[in-house]
Amino acid sequence: MAANSEISSEVVVIGGGLHGCSVALNLRLRGVSVCVVEKDAPGRHASGVNAGGVRRLNRDLAEIPLSLASLELWQDLPNLVGDDCGFHATGQIRIAETDAEMQELSDRVDELRALGYDHEELVGRQELRRLVPASADHCVGAVVCRADGFADPYRTTTAYYRAAQAQGVAFHIGDGVMAVKRNGAGWRVETSTETFTADIVVNCAGAWADKIAAMVGDFAPVAPSAPMMIVTEPIKHFLDPVVGMVGRKLSFKQAPNGTVVIGGGHRGVAERDTNTTILDPAGLAASARTVVAVFPHMAAARMVRAWAGIEAIMPDTIPVIGPSMAADNFYHAFGFSGHGFQLGPAVGRTLAERIVTGASQISLDAFSIGRFPQPA
Ligand SMILES: Cc1cc2nc3c(=O)[nH]c(=O)nc-3n(C[C@H](O)[C@H](O)[C@H](O)COP(=O)(O)OP(=O)(O)OC[C@H]3O[C@@H](n4cnc5c(N)ncnc54)[C@H](O)[C@@H]3O)c2cc1C
């Protein structure tokens, strides 16, 4: 029985990023009472500052069912959260610069076909030129996911946050969880000023999630990292799809206002205890060189800003989603390793289904925290 000073709900979600807000909204839509505890603000971290790529293209095989389901939800976000979240289905394309890279893409498409997936489509030089006229002459072909695209990350996370609030989810913002303790079969979740009691806790704490996992005896080898982004001044429209490369670190898109947003793998330093990131100028320069190699006219574009966000990278670069190994009534959804934005809608729906019904239509087995053995 909760003391008067305690705040009770059926579920406490730790972390108000896209995944925390999506899990909370979907639990509430299933009639569950939910509190979200967020140490900073919804969308303050990776979910609000990412590249906005909505990508099924080149997913780890384990992620494909969630990613396909998520795209369907992206297409229906106005009904789910009352906002299209700036989603533009411009397509996503992954360009090969050599015949060997083209063979790699062809093998990948064959592998997907054999598994029953047809969302990745191999295209030759001519269709590549049609889709990306500004690409350099040496590019030989590509794989394209025509229904992928990009969205506005902060707007998306805010839309989920507001939709969850409107459904009755209680948000406690600006005070982090410091302890998670057993309370009978349920939990006491403590911040510096409040105590929350709940039957079930969900850990959506992003790059800080290993600390929450450890509070209940789970081990998660999270490596906090700082993927970096560059944005240029607005330039004349030249690009529709989001572009990635087979052989180089690049994610490249032109926003509707003409600015070009460049990311794709170079990382700075993440200092998660102080919520800060340090940019790596050499990595930014490498991104800029890659852009010019593939889009020669970009040599004249001026960069106006660079930033980074703090992201949880797992050793196998796929997330942890599902029940704790160490404790009943405790679940995780973290470790999205640089590509969790697109998955947000489906992860929230699937994990809520798993929590409420004990099973989910989309298997979460591949994402078990149990795949990481406890260190000796
Ligand atoms: C620069 C960059 C570019 C990216 N580009 C893409 C992309 O194009 N496409 C894509 O699909 N993905 C992309 N990603 C990845 C994507 O942004 C993340 O995978 C996703 O947003 C993770 O969401 P999350 O809710 O798990 O984490 P977060 O957004 O980090 O949210 C976790 C929240 O937990 C809170 N928290 C932590 N500890 C506590 C505590 N003790 N108590 C209370 N609250 C706590 C934090 O304050 C934070 O708000 C990118 C990431 C970055 C950084």
Side-chain angles (χ1 to χ4, degrees), residues 12-24 35-57 59 63 67 70 74 92 148-151 153-154 156-157 160-161 171-180 189-192 194 196 201-215 222 224-230 242 244 251-253 261-268 270 272-273 275 277 279 306-314 317-321 332-345 347-348:
V12 165
V13 175
I14 302 173
L18 179 58
H19 287 276
C21 292
S22 179
V23 171
C35 274
V36 177
V37 184
E38 163 55 52
K39 71 180 172 62
D40 296 314
R44 160 71 177 80
H45 292 289
S47 297
V49 303
N50 63 57
V54 176
R55 171 178 69 79
R56 296 165 302 163
L57 183 62
R59 285 271 165 193
E63 291 182 338
S67 186
S70 225
W74 276 99
Q92 289 236 2
D148 288 1
F150 64 88
Y154 191 72
T156 304
T157 308
Y160 265 88
Y161 163 46
F171 280 79
H172 297 265
I173 291 171
D175 198 8
V177 171
M178 299 171 73
V180 179
V189 175
E190 297 173 359
T191 70
S192 63
E194 308 272 15
F196 302 85
V201 172
V202 188
N203 172 17
C204 295
W208 298 261
D210 55 330
K211 297 182 180 199
I212 302 293
M215 291 176 192
V222 170
S225 180
M228 299 188 297
M229 304 295 308
I230 298 171
V242 179
S251 151
F252 183 87
K253 68 178 71 67
V261 181
I262 302 159
H266 290 284
R267 294 173 183 166
R272 63 177 175 171
D273 292 338
N275 276 352
T277 56
L279 296 177
W307 73 96
I310 303 180
E311 171 71 334
I313 310 288
M314 305 310 296
T317 68
I318 61 171
V320 170
I321 313 168
H332 302 285
F334 64 84
F336 289 92
S337 303
H339 46 262
F341 179 61
Q342 191 269 356
L343 296 176
V347 169

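Throughout, residue positions are numbered sequentially from 1 according to the sequence presented. Counting convention: from 1, in listed order, for ligands and their atoms alike. This is a predicted model, so every value here is computed, not measured.
With ligand atoms numbered from 1 in the order given, ligand 1 contributes 10 (C), 11 (O), 12 (N), 15 (C), 16 (C), 18 (C), 19 (O) to contacts under 4.0 Å with heavy atoms of Gly340. If you number the atoms of ligand 1 from 1 as listed, the ones under 4.0 Å from a heavy atom of Ile212 come out as 41 (N). In summary, the atoms of ligand 1 found under 4.0 Å from a heavy atom of Leu18, numbered by their order in the structure, are 25 (O). For ligand 1, the atoms sitting less than 4.0 Å from at least one non-hydrogen atom of Gly206 are 27 (O), 32 (C), numbered in the order shown with element in parentheses. Taking every heavy atom of His45 and a limit of under 4.0 angstrom, the matching atoms of ligand 1 come to 30 (O), 46 (C), 47 (O), 48 (C), 49 (O). Of all the atoms in ligand 1, the ones that sit under 4.0 Å from a non-hydrogen atom of Gly17 are 25 (O), 29 (O), 31 (O), 33 (C). Atoms of ligand 1 found under 4.0 Å from any heavy atom of Asp40, numbered from 1 in the order shown, are 47 (O). If you number the atoms of ligand 1 from 1 as listed, the ones under 4.0 Å from a heavy atom of Gly176 come out as 42 (N), 43 (C).
Inter-residue side-chain proximity for Thr191 and Phe196 is flagged as met; some heavy-atom pair is nearer than 4.5 Å. Met215 is not listed as a side-chain neighbour of Glu190, based on a closest heavy-atom distance of 4.5 Å or more. Side-chain contact between Cys21 and Phe171 is present, with heavy atoms from C-beta onward closer than 4.5 Å. Side-chain contact check for Arg55 versus Phe150: every heavy-atom pair is 4.5 Å or farther apart. With contacts defined as side-chain heavy-atom distances shorter than 4.5 Å, the pair Asn275/His45 qualifies. Side-chain contact between Val177 and Ile212 is present, with heavy atoms from C-beta onward closer than 4.5 Å. In this structure, the side chains of Val49 and Met229 stay at 4.5 Å or more apart for every pair of heavy atoms. Within the 4.5 Å cutoff, the side chain of Val222 has heavy atoms near those of the Met314 side chain.
For atom 9 (N) of ligand 1, the nearest protein heavy atom (residue, atom name, distance) is Gly53 O, 2.9 Å. Of the protein's non-hydrogen atoms, the one nearest atom 38 (N) of ligand 1 is Trp208 CB, 3.4 Å. For atom 50 (C) of ligand 1, the closest non-hydrogen atom on the protein side is Asn50 CB, 3.2 Å. Protein heavy atom at the shortest distance from atom 1 (C) of ligand 1 is Pro227 O, 3.3 Å. Ranking protein heavy atoms by distance to atom 34 (O) of ligand 1, first place goes to Gly15 CA, 3.3 Å. In this structure, atom 5 (N) of ligand 1 lies nearest to the protein heavy atom Ala51 N, 3.1 Å. Closest protein heavy atom to atom 29 (O) of ligand 1: Ser47 OG, 2.6 Å.
Gln342 and Ser67 are linked by a side-chain donor-acceptor pair at a separation below 3.5 angstrom, with hydrogens and angles left out of the test. Between the side chains of His339 and Glu63, a donor-acceptor pair is found at a separation under 3.5 Å.
Any N or O atom pair closer than 3.5 Å counts here, and Gly309 shares no such pair with ligand 1. For the pair Lys39 and ligand 1, the shortest N or O to N or O distance falls below 3.5 Å. The distance criterion of under 3.5 Å between nitrogen or oxygen atoms is met by Phe341 with respect to ligand 1. For the pair Val177 and ligand 1, the shortest N or O to N or O distance falls below 3.5 Å. Taking any N or O of Gly20, backbone or side chain, none lies under 3.5 Å from an N or O belonging to ligand 1. Inclusion of Asp175 in the set of residues having an N or O under 3.5 Å from an N or O of ligand 1 is not warranted.
Under 4.0 Å from ligand 1, the heavy atoms of Ile14 that appear belong solely to its side chain.
Salt-bridge formation is not detected for the pair Asp148/Arg59: no Lys NZ or Arg NE/NH1/NH2 atom is positioned less than 4.0 Å from an Asp or Glu carboxylate oxygen.
Aromatic ring centroids of Phe336 and His19 lie under 6.0 Å apart. The aromatic ring centroids of Trp74 and Phe341 lie less than 6.0 Å from each other.
For the ligand labelled ligand 1, residue Gly52 lies inside the 4.0 Å heavy-atom shell. By the 4.0 Å heavy-atom criterion, Gly338 is counted among the residues contacting ligand 1. Residue contacts with ligand 1: Met229 is included, with a non-hydrogen atom under 4.0 Å away.
In this structure, of Ser225, Ala46, Cys204, Ala270, the residue bringing a heavy atom nearest to atom 32 (C) of ligand 1 is Cys204. With atom 33 (C) of ligand 1 as the reference point, the heavy atom nearest to it among His19, Met228, Glu38, Glu311 is part of Glu38.
Nearest heavy-atom pair across Thr277 and Gly309 is CG2-C, 4.1 Å.
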* Given side chain to side chain contact (heavy atoms under 4.5 Å, CB included), test His332 with Ile321 step by step and report yes or no. => CA-CA 5 Å; His332 302 285; Ile321 313 168; over 6 Å; no

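With sequence neighbours excluded, no residue satisfies side chain to side chain donor-acceptor pair (under 3.5 Å) with Arg44.
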